[in-house]
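The figures that follow rest on heavy atoms only: side chains count, while hydrogens, waters and symmetry mates do not.
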Amino acid sequence: MRRARFNRRPSPHPIARAVAPRGADVHIMSRDRPVVTADDAAHYAYAREGNAHALYRYEGPRADLRGAYLRLLKRASTREDTGAWRCHPIDALVWNLDETTATWAAADARVRDAFFAIERDDRDASTSCAPSSWRDDLGVVRVERDALCALVDATMAADAFETARRGGRDGRTASARETVGQLSENAAETSEVFRRDEGDGTCVVEIKPKSFVGMMIEGRRTWRFRGHQRLKTRRGERAETSAYWPIDLLGDDDAVERACEALMRCPQNNLRITRGGKTLVDDAGARVDDDDDDDARETLATVSRLLPRIVRDARDVFAFLFDRQRRGGDDDPATFRAVQELVRARTARRTNASLAPDVVNALRDFSLAQTAKDCGVLFTVRLRITDDDVRALAPPTRALSYTDTNGRARVCAYRPQIIDASLKSFAKTESWTRLAEDIAAAVDVDADGDRGREFSREMFETRPVVDLIRRLANDRAME
């Protein structure tokens with residue numbers, strides 16, 4: 001494998017010059033933010049959605065909106081739009097927000113700033129030491145209410161939305177009460193090497209790594225994902241249990257191969273591969289069948305072969321997520337109960353001002369850890385590039401050599417991004433605790449333990465998981 005020698009700085013996208021600075025309070029920057037109007041809404045198409053947000057692709061004439069997805073908060077209920085987002089008092093304390101005026105976009109931007117900042121003692125944990133280059137958010141925009149209503153109406157009529165609903169989404173649309181949104185960069189349109197693709201094959205691969213940190217049961221480390229899979233199968237939510245182990249993404253070559261093979265065999269919502277407007281792999285598995293052209297099948301075969309190499313080459317990205325997770329404590333239900341008890345007591349008594357600074361920092365690390373366990377790693381990949389392309393590459397895009405399915409030496413370009421690094425509100429601590437308890441009860445220590453993954457033991461000895469319960473105990477010491 002080889003990396004390109006980078007010799008140029010990427011030019012800033014016009015959106016980045018127009019929007020509010022990352023982390024700024026959006027009500028302060030309202031005059032400078034771009035505005036999405038009802039006329040603009042006609043040029044947006046529903047792209048996809050997650051549990052909390054819906055994404056829309058722009059195909060219109062405005063340069064400051066092109067090359068980015070519009071990311072909108074979904075409404076809380078499927079039945080009615082109950083109102084704008086309300087800031088939880090502990091979120092306000094932890095993220096230094098005004099509880100009465102903060103918007104979700106302002107809070108989310110504050111979280112992203114903290115998430116991608118490098119801690120002083122983490123500078124050797126990432127080979128690139130540039131996690132800010134993996135951000136997908138470009139800034140905040142104001143969305144007119146007529147535009148929001150038009151987008152909601154268009155969503156309900158979109159075939160892709162109906163497909164998502166049949167695939168398990170709950171049918172919630174974007175909230176018409178949230179008049180701010182975020183712009184998320186589409187690297188396939190903003191990075192020059194991908195824009196120049198002349199049929200060579202540019203794909204987008206999304207991996208949701210899930211939790212690396214696990215918990216100790218009977219003296220052995222076990223992993224949350226394994227227990228959650230077993231729990232979903234028992235509840236009838238999944239017909240098949242995935243053989244994927246998140247920790248394998250940080251292992252040796254064999255472990256990475258094992259993880260990628262498991263993701264390809266049973267992707268669920270942990271792997272998605274698209275090329276252009278065509279989905280090659282999603283929750284339902286591989287979408288390439290006998291009716292597809294040979295090119296689609298060849299593309300999927302190449303990506304399957306290349307994916308383990310990309311994951312190994314992008315180890316610094318996954319290691320960064322691991323460090324974010326380990327700082328926020330393990331997956332033991334006791335950790336979640338400790339947070340829940342503190343949040344419940346402080347919210348009821350409204351005595352947040354007396355929280356010790358270290359406790360505030362511990363709660364911040366816990367929140368960022370939940371973000372790191374739920375975000376995705378997105379790779380935009382051009383499967384074949386030339387020597388001239390390699391020389392012209394600029395960070396964070398990387399070059400990687402590989403052998404294709406026909407035995408030919410190739411060089412690809414790929415760009416890593418961390419997506420959905422969003423606020424995890426303390427309003428959900430009770431539901432987090434219940435789920436952690438249910439998952440722990442479903443864990444099979446013999447089947448889900450670290451036997452066969454000895455590489456993880458050295459990793460956790462070198463970078464141990466923080467004892468969050470001990471850090472939170474400083475709050476009780478102030479009683």
Contact between Leu423 and Trp85 at the side-chain level, heavy atoms closer than 4.5 Å - yes or no?
yes
Non-hydrogen side-chain atoms of Gln417 and Thr380 separated by less than 4.5 Å:
yes
State, without any angle test, whether Thr241 and Thr233 hold a side-chain donor-acceptor pair at a distance under 3.5 Å.
yes
Rounded at 0.5 Å granularity, tell me how far CG in Leu263 sits from OG in Ser242.
6.5 Å
Examine distances only and state if a side-chain atom of Ser367 and a backbone atom of Leu363 form a donor-acceptor pair shorter than 3.5 Å.
no
Identify whether the distance between the nearest side-chain nitrogen and carboxylate oxygen of Arg398 and Asp316 falls below 4.0 Å.
yes
Do Asp438 side-chain atoms and Leu435 backbone N/O form a donor-acceptor pair below 3.5 Å?
no
What's the separation between atom CD1 in Ile419 and atom OG in Ser184, rounded to the nearest 0.5 Å?
8.5 Å
Might you work through the side chain to side chain donor-acceptor pair (under 3.5 Å) test for Asp332 and Thr335, ending with a clear yes or no?
CA-CA 6 Å; Asp332 194 301; Thr335 300; 5.5 Å; no
Minimal non-hydrogen separation, Asn269 against Asp283, with atom names:
CA-OD1, 3.5 Å
Looking only at atom types and distance, does a side-chain atom of Arg145 sit under 3.5 Å from a main-chain N or O of Ala176, one as donor and one as acceptor?
yes
Could you tell me the separation between the OH atom of Tyr244 and the CZ atom of Arg226, rounded to the nearest 0.5 Å?
11.0 Å
Side-chain donor/acceptor of Thr279 to backbone N/O of Val281, under 3.5 Å
no
Backbone N or O of Gly214 within a donor-acceptor pair of the Asp331 side chain at under 3.5 Å?
yes
Do you know which two heavy atoms are closest between Thr371 and Ser422, and how far apart they sit?
OG1-O, 2.7 Å
Given side chains that start at C-beta, do those of Lys208 and Arg272 come closer than 4.5 Å, heavy atoms only?
no
Run the numbers on Phe455 and Phe460 for ring pair (Phe, Tyr, Trp, His ring centres under 6.0 Å), then give the verdict.
CA-CA 9 Å; Phe455 66 85; Phe460 284 102; 9.3 Å; no
Would you indicate whether the side-chain heavy atoms of Leu378 and Val204 approach each other to under 4.5 Å?
yes
What orientation do Trp104 and His53 show, parallel under 30°, tilted 30 to 60°, or perpendicular over 60°?
tilted
Quick check for you: to the nearest 0.5 Å, what is the distance between Leu148 atom CG and Glu144 atom CD?
9.5 Å
Trace of the salt bridge (Lys or Arg N to Asp or Glu O under 4.0 Å) decision for Arg71 with Asp137
CA-CA 9 Å; Arg71 188 168 177 263; Asp137 58 313; over 6 Å; no
Quick check: Phe320 with Phe115 (ring centres under 6.0 Å apart)?
yes
Do Leu65 and Tyr44 come within less than 4.5 Å of each other through their side chains, counting heavy atoms only?
yes
If you round to the nearest 0.5 Å, how far is CG of Leu55 from CG of Leu72?
8.0 Å
Test side chain to side chain contact (heavy atoms under 4.5 Å, CB included) on Val381 and Ile310 and set out the steps.
CA-CA 9 Å; Val381 186; Ile310 292 177; 3.9 Å; yes
Does NZ or CZ of Arg48 lie under 6.0 Å from the centre of the six-membered ring of Tyr69, at an angle within 45° of the ring axis?
yes
Which of parallel (below 30°), tilted (30 to 60°) and perpendicular (above 60°) describes His43 and Tyr58?
perpendicular
For His88 against Val343, the heavy-atom pair lying closest together
CE1-CG1, 3.9 Å
Does Arg344 pair with Glu430 as a salt bridge, N-O distance under 4.0 Å?
yes
Closest contact, heavy atoms only, Pro246 versus Ser211
CB-O, 3.5 Å
Member of Asp374, Thr429, Asp91 meeting the side chain to side chain donor-acceptor pair (under 3.5 Å) criterion with Lys424
Asp374
Apply the test side chain to side chain contact (heavy atoms under 4.5 Å, CB included) to residues Phe426 and Val339: give CA-CA distance (whole Å), side-chain angles for both, the deciding distance (0.1 Å), then the verdict.
CA-CA 9 Å; Phe426 287 97; Val339 173; 4.0 Å; yes
Say you draw a straight line from CG of Leu307 to CE of Met264; how long is it, rounded to the nearest 0.5 Å?
7.5 Å
Test item: Met215 and Val443 side chains (from C-beta on) under 4.5 Å apart, heavy atoms:
yes
Could you tell me how the ring of Tyr56 sits relative to the ring of Tyr46: parallel (under 30°), tilted (30 to 60°) or perpendicular (over 60°)?
perpendicular
Side chain to side chain contact (heavy atoms under 4.5 Å, CB included) between Lys210 and Lys373: does it pass, once the steps are laid out?
CA-CA 5 Å; Lys210 302 298 174 77; Lys373 294 171 187 177; over 6 Å; no
When you check the gap from the basic side-chain N to the acidic O, do Glu49 and Lys74 get nearer than 4.0 Å?
yes
Is any side-chain N of the basic residue among Arg75 and Glu178 closer than 4.0 Å to the acidic one's carboxylate O?
no
Tell me whether Arg110 is salt-bridged to Asp113, with the criterion being a basic N under 4.0 Å from an acidic carboxylate O.
no
Could you tell me if the side chain of Asp252 sits less than 4.5 Å from the side chain of Val256, heavy atoms only?
no
Going through the distances and angles, do Arg346 and Glu341 end up as a salt bridge (Lys or Arg N to Asp or Glu O under 4.0 Å)?
CA-CA 9 Å; Arg346 292 295 172 170; Glu341 291 169 4; over 6 Å; no
Whether Asp108 and Arg112 form a salt bridge (side-chain N of Lys/Arg under 4.0 Å from carboxylate O of Asp/Glu) is what I want to check.
yes
So, do Leu321 and Val377 sit near enough that their side-chain heavy atoms are less than 4.5 Å apart?
yes
For Gln268 and Arg238, run side chain to side chain contact (heavy atoms under 4.5 Å, CB included): C-alpha distance rounded to whole Å, both residues' side-chain angles, the deciding distance at 0.1 Å, then the answer.
CA-CA 9 Å; Gln268 299 184 358; Arg238 293 287 184 188; 3.7 Å; yes
Residues Asp330 and Val465: closest non-hydrogen pair is N-CG1, 3.6 Å
Could you check whether any side-chain N or O of Ser456 sits under 3.5 Å from a backbone N or O of Arg453, counting only pairs where one atom can act as donor and the other as acceptor?
yes
Closer than 4.0 angstrom, basic N to acidic O: yes or no for Asp450 and Arg221?
no
Should the pair Arg258 and Trp245 be classed as cation-pi, given the thresholds of under 6.0 Å to the six-membered ring centre and 45° from the axis?
no
Do the side chain of Arg326 and the main chain of Pro464 share a donor and acceptor less than 3.5 angstrom apart?
yes
Tell me whether Glu185 contacts the main-chain N or O of Leu138 through its side chain, where contact means a donor paired with an acceptor under 3.5 Å.
no
Residues Asp446, Arg220: salt bridge by 4.0 Å N-O rule
yes
Ring center gap for Phe225 and Phe212 short of 6.0 angstrom
no
Taking Arg324 for its side chain and Phe116 for its backbone only, find out whether a donor-acceptor pair lies under 3.5 Å.
no
Glu189 side chain to Gly67 backbone, donor-acceptor under 3.5 Å
yes
Heavy-atom closest pair, residues Arg327 and Asp365
O-CB, 3.5 Å
